[in-house]
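Bear in mind that the values here come from a model prediction, so they are computed numbers and not experimental data. In what follows, every chain begins at residue 1, and chains take the letters A, B, ... in the order their sequences are listed.
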Amino acid sequence: MSSLQFWKPGTVGPGSTLDRATEAEGSVISSAPIGAAVSIQAARERLPIFKHKEKLLYCVENYGVTILVGQTGCGKTTQLPQYLHEAGWAADGNVIACTQPRRVAATSVAARVATETLLDPLLSRYSVVMIDEAHERSVYTDLMLGVLKKIRRKRPSLRVIVSSATLDAAGFLDYFSSGNPPGEATIVSLEGRMYPVHIAHLEQPTPDYVAKAIDVVWNINLQRSSGLAELLPTLPRGATRLKLHALHSGLPMDEQLAAFEPAERGFRKVIVSTNIAEASVTIEGIKYVVDSGFVKIRTYNPTTSLSSLSTIPVSRASAIQRAGRAGRTSYGACYRLYPASTFESLPPTTQPEITRTDLTTPILQLKSLGIDDLMKFEWVSSPPAEAVLRALESLVASGMVGEDGRLTVIGEKVAECPVEVNIARMLFASKDYQCGEEILTIAAMTTVQDVFVIPDGAAGALAELERRKFTAEEGDHLTLLNAYNAFTRYGRSSSWCKAHALSFRALSRAVSIRAQLKKYMQRFGLPIENCQGDAKRLRQCIVSGYWRNGAKWMADGTYRSVRGNVVLHVHPNSVLFTRKPRSGWVIFHEMEETKKTQIRILTEIEPDWLLEYGHKFHDKRTGVGVSVR
DNA sequence: GAGCACTGC
């Protein structure tokens, strides 16, 4: 938690996909030659934060909570912990902690804090805890803030630093001030290392922001319009040529990194990106930003237990952050594909994740921190009451929480596992079905995404044929198992994966996650046995974790959920996309609402397997158990 | 007939 690591921007950091903005701040240090102590010191003193050093240390000394407002690049992540260290906050065995929304595995931090807290509920080893990038409002940022506010009531010597963007600072000040004596919290502003960004809006809204974006990009380069890739050959002689890059997390690493390379002479880079480029990564040298005004976001409906992925207008904070990407190395310009009046009507900030997510795991974590009375917990933003109830209900149904509202013995163990509750259940049940070896693989494979690579066009048909080689009659879980086993037996190389239409990155991740989960199983004394090819036992074991995700096949090819009788469509990547399961029943890993409600990763089951679990756990909300008709 | 982001040492 407290380690400080630096690595060069654009290179791969340990355990991460790409380096992010805050590490870029450290590049000033990491790129200095070893032993160049003088230039390191000079570089540190050039950072905008340096001028504020004394003021910052004064605030940390005199206020419980210091809210630090500063642009990415001002040096707060890398410098402040060092200032605190130099000022003696780490003396006498004290620890300065710094958490980040992505860099540190949130669940394992929670697990670690839980382990320490059970022995030391007031985190007395820690003198200062800094929550970085708090304005992103990830679930675990919000939980940590709540826990820290609670701890400060009992141990005022603990100092909290919340680093935030400008727009959110007042909200954090109110949160920590509320219910506390005056002088609890203060705001410190650091001037950023930003260049001016000229902002232009459309006069009228556009019906097609993709076409409009192409228009604007082409016009930035020269005065023309319509399709971008197709237009490239028509570029006049002498004009700056364009190099197109796509950027999103699903791309292979080398393609992601290509977007970070400086453009060749005579070329201009155009990066078409998801909001990965909004805050997660920083690409130096961006001069123009074209902002569609939209974001694709996941929301959760606790009433239906449905996650949905929808495209919605961005917040003003996001639009400002996007524009800022143009002003990191020189002055820039941002073209918003919407009128100025639309900008004014946007919501100020994005809804915090905790208000639109499944709370099952977060609430399990809170309980493992000893926070059992959720009514008293001071949320930074309260999640819907319905979401809290559904999460409690599902924790009770899966045996993690007893009727008294406290964690059960297995619940305490599962809270330490960095996987969702259903998977943890399945891992524990593998002891009864003697299939730990295979269940570990299935657990790892269902947590990675895009294992099969099916490209568009003619290559796609070939890839489909390759995938058929791994197809298991029983469904997707066993198909994933086959692919993993083939990978570890014959492949483990990217060329082998390419030849078999598999993602090397996804499978490599599965290998490391599996190793990880295996350690948890060994720690909990669970045997790792081979099922000896008995697919039935394996499928029953899957049902033990996922019995609430049963569905029945209908004559029109859709399914109906056992819970709620919802119409479900099979995801086209499933091996059961075009096939009826013999029994007419399946269990699925997840469902998601896009244009319609889809289920992913299906396996054929016998309906009475559902009853086996359904009769044990009664649905408290509807008053009926799982019924299989 | 489909692909926001993030994470697991």
Side-chain angles (χ1 to χ4, degrees), chain A residues 1 3 5 13-18 20 99-112 133 136-141 246-252 256 273-281 292 294-300 307-312 314 318 321 350-351 353-354 356-357 361-362 365 414 416-420 423-424 427 440 443-457 460-461 463-464 503 506 508-520 523 557-558 569-578 592-600:
Chain A
M1 256 171 107
S3 66
Q5 292 176 307
S16 75
T17 43
L18 282 171
R20 25 179 301 105
T99 77
Q100 297 219 324
R102 280 168 296 274
R103 170 67 61 216
V104 182
T107 47
S108 73
V109 168
R112 166 139 174 213
E133 314 274 357
E136 289 187 21
R137 301 295 302 275
S138 78
V139 170
Y140 289 98
T141 292
L247 182 60
H248 58 88
S249 71
L251 285 174
Q256 288 192 43
S273 175
T274 63
N275 58 341
I276 190 171
E278 182 181 311
S280 301
V281 299
S292 68
F294 289 97
V295 62
K296 207 163 187 178
I297 210 167
R298 185 188 288 277
T299 50
Y300 174 76
S307 277
S308 56
L309 208 51
S310 44
T311 304
I312 61 162
V314 287
S318 268
Q321 171 75 9
T350 311
Q351 285 276 345
E353 194 185 359
I354 202 153
R356 50 180 173 84
T357 195
T361 304
Q365 306 281 0
V414 169
E416 284 182 54
C417 290
V419 290
E420 49 180 271
I423 291 187
L427 294 176
L440 266 176
M445 288 292 273
T446 53
T447 53
V448 300
Q449 47 207 4
D450 306 318
V451 172
F452 297 101
V453 184
I454 311 285
D456 290 335
E464 289 285 359
S503 159
S508 306
R509 278 176 61 77
V511 168
S512 90
I513 290 169
R514 188 184 185 280
Q516 182 83 31
L517 295 178
K518 190 176 174 181
K519 281 188 208 158
Y520 282 101
R523 173 134 63 89
T558 64
H569 297 261
V570 178
H571 193 281
N573 280 357
S574 171
V575 300
L576 291 177
F577 181 56
T578 51
E592 186 177 77
E593 194 175 26
T594 45
K595 280 174 193 150
K596 45 195 178 182
T597 303
Q598 289 191 326
I599 47 178
R600 278 184 63 243

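- Note on Glu420(A): nothing from the nucleic acid sits closer than 4.0 angstrom, heavy atoms only.
- Taking each heavy atom of Gln256(A) and Ile276(A) in turn, the nearest pair found is OE1-CD1, 4.4 Å.
- Residue order along DNA chain B, read from the 5' end via each residue's closest nucleotide, puts Glu464(A) first among Glu464(A) and Asn275(A).
- At the phosphate of dG8(B), neither OP1 nor OP2 sits under 4.0 Å from any side-chain N or O atom of Thr447(A).
- Out of dG1(B), dA5(B), dC9(B), the shortest distance to the side chain of Lys596(A) is found at dG1(B).
- Computed from coordinates, the Glu592(A) CD to dG3(B) P distance equals 6 Å when rounded to whole Å.
- Distance, Ile276(A) CD1 to dT7(B) P: 9 Å, rounded to whole Å.
- Protein atom CE of Met445(A) is 19 Å distant from nucleotide atom P of dG8(B), rounded to whole Å.
- Distance, Phe577(A) CZ to dG1(B) C1': 5 Å, rounded to whole Å.
- The phosphate of dC9(B) has OP1 or OP2 within less than 4.0 Å of a side-chain N or O from Tyr520(A).
- Residue Pro418(A) has its side chain nearest to dG8(B) when only dG8(B), dC6(B), dA2(B) are considered.
- Counting heavy atoms from C-beta on, the side chains of Tyr140(A) and Thr361(A) come closer than 4.5 Å.
- Closest contact between the side chain of Pro572(A) and the listed nucleotides dA5(B), dC9(B), dG1(B) involves dG1(B).
- In this model, the phosphate group of dC6(B) is not approached by any side-chain N or O of Ser138(A) to a distance below 4.0 Å at OP1 or OP2.
- Atom CG in Asn573(A) sits roughly 13 Å away from atom P in dG1(B) (whole-Å rounding).
- The CZ atom of Arg298(A) sits 11 Å away from the C1' atom of dG3(B) (whole-angstrom rounding).
- Taking all atoms of both residues into account, the shortest heavy-atom contact from Pro572(A) to Phe577(A) is CA-CD1, 3.6 Å.
- Contact annotation: Gln598(A) side-chain N/O to dG1(B) OP1/OP2 distance is not under 4.0 Å.
- Rounded to whole Å, the distance from NZ on Lys595(A) to P on dG1(B) is 11 Å.
- Partners of Glu592(A) by side-chain hydrogen bond (donor to acceptor under 3.5 Å, both in side chains), not counting sequence neighbours, listed by chain and number: Arg298(A).
- The backbone N or O of Val139(A) lies less than 3.5 Å from a partner atom in the side chain of Glu353(A), making a donor-acceptor pair.
- The nearest whole Å value for the distance from the CZ atom in Arg137(A) to the C1' atom in dA5(B) is 17 Å.
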